[in-house]
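Below is one structure, written out as structure tokens; comments come after it.
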Amino acid sequence: LPPLSPPAPPRRTPARRAAERRPGNPNVLVLGLDTVRADALGPWRRGTSLTPAMDRLAAESDVWLEAFSTFNATNPSFASIFTGLYGKDHGVYDLSTPLPRAHTTLAELFRRRGYETLAVISARHLGDHNSGLGQGFADLTLAGEHFAAELAVDMAIDWIAAPERRAGRWLAWVHLFDPHTPHTPPRPFAAGYRPATPYGLGPVAGWTPFRAPGLRAFDEPILGGHRDLYAGEVAYLDRQVGRLLDFLASRGLLETTVVALVADHGEQLGEHGIRYRHLGLHDTTTHVPLMVRWPESAGATAGAAPPRGRRLRGLVQTIDLFPTLLAAAGLPVPPQDGEDLRALTAGGRRGRRAVFAEHAARLGVMVRTPERKLILSRGNQPFFPDGPALYDLSADPGEERSLAGRGLPAERALGELLRRWLAARRPPLGRPEPRPLSEEERRRLQALGYLQ
């Protein structure tokens with residue numbers, strides 16, 4: 001038998017079903033996973049799945065298999081998701097520069113149309129004081145304690161279950177931080193077990209191993225990291241996501257809620273000589289999970305909901321969620337950098353021609369096509385020399401052999417594409433102003449590997 005599991009979360013029994021809503025006016029749940037690589041979840045993973053609950057969600061969702069973040073860091077990435085803008089157009093590049101108030105966020109647009117809004121944030125450095133992403137959220141709370149995903153999910157459940165939410169429409173952002181270092185999943189996740197099936201709100205009745213069982217010591221003691229413990233954190237996260245989804249199902253809310261799951265960035269798990277930091281702009285840090293479950297009421301296609309469980313090829317970006325969610329709720333879409341995900345992969349279209357990303361602290365930029373990638377590093381990073389790195393992704397999917405400096409036409413073409421993209425800037429909306437970090441904040445960020 002596996003080791004004892006942590007105490008079961010509070011039991012919640014089904015309540016009366018939510019009131020009927022008009023088609024085209026769904027609730028919206030944004031599950032923002034932190035530090036989760038695409039290949040950590042079932043649709044992308046090779047080998048034993050860690051995530052039965054999210055696999056079930058994927059079976060009912062549109063899954064964009066080639067989705068890429070715009071950043072390799074949390075605050076800039078979520079600033080892009082909630083504004084639909086690349087970093088070059090919103091100006092947030094670190095963990096201490098709030099989004100200027102002149103920008104209009106997804107939450108503000110929903111709130112103006114009568115939606116109630118909630119943000120549950122599981123990392124202190126993503127709080128409104130540092131990120132500015134509290135804009136538009138009537139209720140915002142931090143869930144930064146141990147086993148934060150369980151706390152964050154409990155907070156979201158309590159808010160959604162409140163009597164005043166029964167007849168209203170709502171947008172909820174639930175940010176879950178656990179896969180970040182230090183990797184401290186509870187038993188039996190730490191020992192290599194995950195629930196055998198999605199158990200939702202009920203206690204786990206059976207466990208199954210996802211690796212050779214046994215506890216692991218950190219192999220990166222300063223940050224508190226181990227690849228197997230990272231997997232345990234993802235499995236634990238899945239358990240909490242399953243609880244939240246089962247709560248929605250028990251109240252009939254999945255029938256009237258758009259569920260969007262996205263990660264802010266991935267993680268280096270030993271690739272490129274880096275362990276448990278999301279440095280660099282390789283696929284390990286920029287290729288992220290992205291899926292949307294459409295309710296029958298969302299009007300996602302003309303006259304009918306789309307088929308369930310589609311796997312969609314073609315490059316897309318996390319900023320594409322911004323116009324997608326607005327359009328799904330029947331709200332106007334303002335000018336921004338995203339494109340509706342449904343249009344990007346409909347009618348024979350195969351996504352974007354290219355995707356772009358920027359490195360935190362302005363340490364580099366990246367352009368990626370289906371076949372090749374060009375990274376321009378700068379600022380004397382400890383792991384990457386200044387200058388270009390070019391990869392043939394067909395022959396070298398792990399991005400281990402740079403072809404830069406050989407005079408290849410691809411390097412010139414991608415370099416020109418990147419220069420044009422950088423030059424195409426929107427008029428600035430406010431001036432981003434970093435706020436000074438307190439000594440406690442500095443110590444916390446050092447412990448997480450963000451500061452030296």
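- Side-chain contact, T324 with D320: no donor N or O sits under 3.5 Å from an acceptor N or O.
- Here CD of E358 is found 4.0 Å from CH2 of W421. Values are rounded to the nearest 0.5 Å.
- Annotation: cation-pi geometry satisfied between R342 and W294 (NZ/CZ under 6.0 angstrom from ring centroid, within 45° of ring axis).
- Proximity of V262 to L321: side-chain heavy atoms (C-beta onward) are separated by under 4.5 Å at one or more points.
- Side-chain contact between L176 and V241: present, with at least one pair of heavy atoms (C-beta onward) separated by less than 4.5 Å.
- S131 and N75 share no side-chain donor-acceptor pair at under 3.5 Å.
- In R353, the CZ atom is not crowded: 12 or fewer heavy atoms of neighbouring residues, nucleotides or ligands sit closer than 6.0 Å.
- Residues F137 and F110 fail the side-chain proximity criterion, which asks for heavy atoms closer than 4.5 Å.
- Note: R308 CZ to D62 CG = 9.0 Å, rounded to the nearest 0.5 Å.
- Without hydrogens or angle criteria, S77 side chain to T74 main chain gives no donor-acceptor distance under 3.5 Å.
- To the nearest 0.5 Å, the span separating OG1 on T105 from NE2 on H90 amounts to 12.5 Å.
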Intermediate values then yes/no, salt bridge (Lys or Arg N to Asp or Glu O under 4.0 Å), R37 and E233:
CA-CA 12 Å; R37 300 158 46 129; E233 291 278 28; over 6 Å; no
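- A cation-pi arrangement, defined by a distance under 6.0 Å to the six-membered ring centre and an angle within 45 degrees of its axis, is present between R165 and W159.
- Atoms CH2 and OG1, from W170 and T117 in turn, are 12.0 Å apart once rounded to the nearest 0.5 Å.
- Between R368 and I375, the closest side-chain pair of non-hydrogen atoms is not below 4.5 Å.
- Taking all atoms of both residues into account, the shortest heavy-atom contact from L244 to A156 is CD1-CB, 4.4 Å.
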Using side-chain contact (heavy atoms from CB on, under 4.5 Å), reason through L29 and L261 one step at a time and then give a plain yes or no.
CA-CA 8 Å; L29 171 64; L261 181 147; over 6 Å; no
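- In this structure, R362 is positioned above the aromatic face of Y93, its NZ or CZ under 6.0 Å from the six-membered ring centre and within 45° of the axis.
- Here the CZ-OG distance, from F356 to S69, works out to 14.5 Å after rounding to the nearest 0.5 Å.
- The shortest distance between side-chain heavy atoms of D246 and P198 does not fall below 4.5 Å.
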